[in-house]
Amino acid sequence: MLIPAPEVDALGMCTLCGVEEELHVGEDGRVSVRAFHRSALGGYARFVDEVE
């Protein structure tokens with residue numbers, strides 16, 4: 001599945017879901033919008049900026 005790459009905007013909000021960056025805590029306890037959304041999608045997501 002190819003989806004837009006989540007980033008954090010100037011206000012600290014995720015560009016994919018609009019939620020604050022601090023709420024994107026992964027299983028390992030680290031804050032990462034990319035890892036959070038990849039995990040939520042079951043690891044099948046590929047972000048558009050990862051395609052060669």
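Atoms considered below: every heavy atom in the structure, side chains included; atoms not considered: hydrogens, waters and symmetry mates.
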Sorted by chain and residue number, the side chain to side chain contact (heavy atoms under 4.5 Å, CB included) partners of V51 (sequence neighbours excluded) come out as L2, R46
| message | Is there a continuous path of hydrophobic side-chain contacts, each under 4.5 Å between heavy atoms, that joins L16 to L41? | response | yes
For the residue pair V25 and F36, establish whether any side-chain heavy-atom pair is separated by less than 4.5 Å. no
Are any of the side-chain heavy atoms of F47 and P6 separated by less than 4.5 Å?
yes
| Within a radius of less than 6.0 Å around CD of E50, do more than 12 heavy atoms belonging to other residues, nucleotides or ligands occur? | yes
Here the pair of heavy atoms bringing A35 nearest to S32 is N-OG, 3.2 Å
Here the side chain to side chain donor-acceptor pair (under 3.5 Å) pairs for residues 3-24, sequence neighbours left out, are E7-R34, H24-H37
Nearest heavy-atom contact between A5 and V48 is N-CG2, 4.0 Å
Under a side-chain separation threshold of 4.5 Å, the hydrophobic residues clustered together with V33 are V8
